[in-house]
2 protein chains.
Amino acid sequence: MPFTRLDGNIPPGMKLSSKGEYALRALIVLGENYERGIVRIQTISEQQRIPKRFLEQILNDLKSGGFLESRRGVAGGYRLARPPEQITLAALIRHIEGALVPTPVLSEQGRRTIQPPNEAQAAIRSVMKEVREAILEILDRVTIADLCDRVRRLRSEAGIATDYVI
Amino acid sequence: MPFTRLDGNIPPGMKLSSKGEYALRALIVLGENYERGIVRIQTISEQQRIPKRFLEQILNDLKSGGFLESRRGVAGGYRLARPPEQITLAALIRHIEGALVPTPVLSEQGRRTIQPPNEAQAAIRSVMKEVREAILEILDRVTIADLCDRVRRLRSEAGIATDYVI
DNA sequence: CATAATGTCAACAGATATAGTAGAGATTTT
DNA sequence: AAAATCTCTACTATATCTGTTGACATTATG
């Protein structure tokens, strides 16, 4: 059974990486189990069909970002570090996709020379800023708890979806 | 002199590729010269410090997308195919960043098996949809003419910016 | 204490995307 | 005929993405 990923119909400039999608799906599972306690990687991997060893990395990364807590050993696993209502997608995606660090260009003399943006670049940047604000306005509002709500609603709407072949 | 690119402070999930940025900057130049007529690649390359051979590809691509017209030969060059007011960033970015075609996964039998999204994926997708709509609401409104306006305003606000070294 | 079941950490690897470069050709003006 | 320009195709180097692998650390349980 192949692993599944969202792909088609992704807004231009707004593609979520596999890592990002896997992270969100794992967090939804952990959100659903927040009251019940700890969940093993393997459980999440099977339930969401995410490659287990890859998921290990992702969850570990989320832990170092302060989103998760873990316990090792036989009864080990992961849980959310905070209630799902307090984890926003904005914070998550910021952490997962990483802070874009501007790479300074080295000149021949070895000193860092930086070109200030020209007016065209500044104009483009100003539009991008509007776009970012619009995105964040949404992602700051949506939490893991909201995603879990949507999942619950979808589950009650539809029956059990089965694989199909074309 | 190094080529310049916007980079730091790019909204998460909303990075413009070099190609995309170069395209927009070239289009701004062509928008500013829409009345005057044709502009050579080299002029744009020098004015915006964009690698010339790379720019050739980009402009050619924009032409095949119907955004530009060209003339070869000695007095050759490019111009916008339509007035700058009629070219939206949404259309441009859609063309440049390319249509995301979902890649079907081949099963062992060689038949295409597609997994329908599970509820978690559907929930994520629904948020992405909201984000996309918010982005497009902005990018559908902003045209090349708008970018040129912003450039003009920036030019009148600030003096001539010179390179600096740190 | 031994063992098994977990998470942890670091390195590696193949595929794909990005950011160009290069060469040869076609068209137009002079 | 020559020069200037765009056009088309191919190539390359680097980075990023998507994982895999192996060794290790920790914990519960018998």
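Quick caveat, the model's predicted, so the values are computed rather than measured. What's counted below: heavy atoms across the whole structure, side chains too, no hydrogens, waters or symmetry copies.
Using a 3.5 Å distance cut-off with no hydrogens or angles, the side chains of B/Q121 and A/Q48 do not pair a donor with an acceptor. If you check the side chains of B/R150 and A/S126, you find a donor sitting under 3.5 Å from an acceptor.
Identified under the salt bridge (Lys or Arg N to Asp or Glu O under 4.0 Å) test for residues 79-89 of chain A, with sequence neighbours left out: A/E69-A/R79. The list of ring pair (Phe, Tyr, Trp, His ring centres under 6.0 Å) pairs with a residue in residues 36-77 of chain B, not counting sequence neighbours, reads B/Y22-B/F54, B/F67-B/H95.
OP1 and OP2 of C/dT18 both lie 4.0 Å or more from every side-chain N or O belonging to B/S17. For C/dA19, one of the phosphate oxygens OP1 or OP2 lies less than 4.0 angstrom from a side-chain nitrogen or oxygen of B/S18. Note on B/K63: a side-chain N or O is less than 4.0 Å away from OP1 or OP2 of D/dT7. For D/dT5, the OP1/OP2 oxygens have a side-chain nitrogen or oxygen of B/R40 closer than 4.0 Å. Using a 4.0 Å cut-off, no side-chain N or O of B/Y22 falls inside it from OP1 or OP2 of C/dA19. For the pair B/K19 and C/dT18, the criterion of a side-chain N or O lying under 4.0 Å from OP1 or OP2 is not met. An OP1 or OP2 oxygen of D/dC8 is reached within less than 4.0 angstrom by a side-chain nitrogen or oxygen of B/N60.
Looking at the side chain of A/F54, the nearest of the listed nucleotides D/dT18, D/dC6, D/dT21 is D/dT18.
Rounded to whole angstrom, the span from the CG atom of A/D61 across to the P atom of D/dG19 amounts to 16 Å. Spacing between atom CG of A/L59 and atom C1' of C/dT6 amounts to 13 Å, rounded to whole angstrom units. The interatomic distance linking A/I58 (CD1) with C/dC9 (C1') rounds to 16 Å, in whole Å. Taking atom CD1 of residue A/I41 and atom C1' of nucleotide C/dG7, one finds them 6 Å apart after rounding to whole Å. In this structure, A/I50 atom CD1 and D/dT20 atom P are separated by 12 Å, rounded to whole Å. Straight-line distance from the CD1 atom of B/I38 to the P atom of C/dT28: 11 Å, rounded to whole Å. With rounding to whole Å, B/K52 atom NZ is found 8 Å from D/dT5 atom C1'. To the nearest angstrom, P of D/dT5 lies 14 Å from CG of B/L55.
Scored by the salt bridge (Lys or Arg N to Asp or Glu O under 4.0 Å) test, B/E46 finds no partners at all (sequence neighbours excluded). With sequence neighbours excluded, no residue forms a salt bridge (Lys or Arg N to Asp or Glu O under 4.0 Å) with B/R71. Partners of A/E137 according to the salt bridge (Lys or Arg N to Asp or Glu O under 4.0 Å) rule, which considers only residues two or more places apart in sequence or in another chain, do not exist here.
Contact check of residues 67-80 of chain B against DNA chain D (heavy atom, cut-off under 4.0 Å) returns B/S70, B/R71, B/R72, B/G73, B/V74, B/G76, B/G77, B/Y78.
If you check distances only, the side chain of A/Q57 does reach the base of C/dA11 with a donor-acceptor pair under 3.5 Å.
A salt bridge links B/E32 and B/R155; the closest N-O separation between the charged side-chain nitrogens and carboxylate oxygens is under 4.0 Å.
Both A/G20 and B/E56 lie close to DNA chain D; mapped to their nearest nucleotides by heavy-atom distance, the more 5′-ward contact belongs to B/E56.
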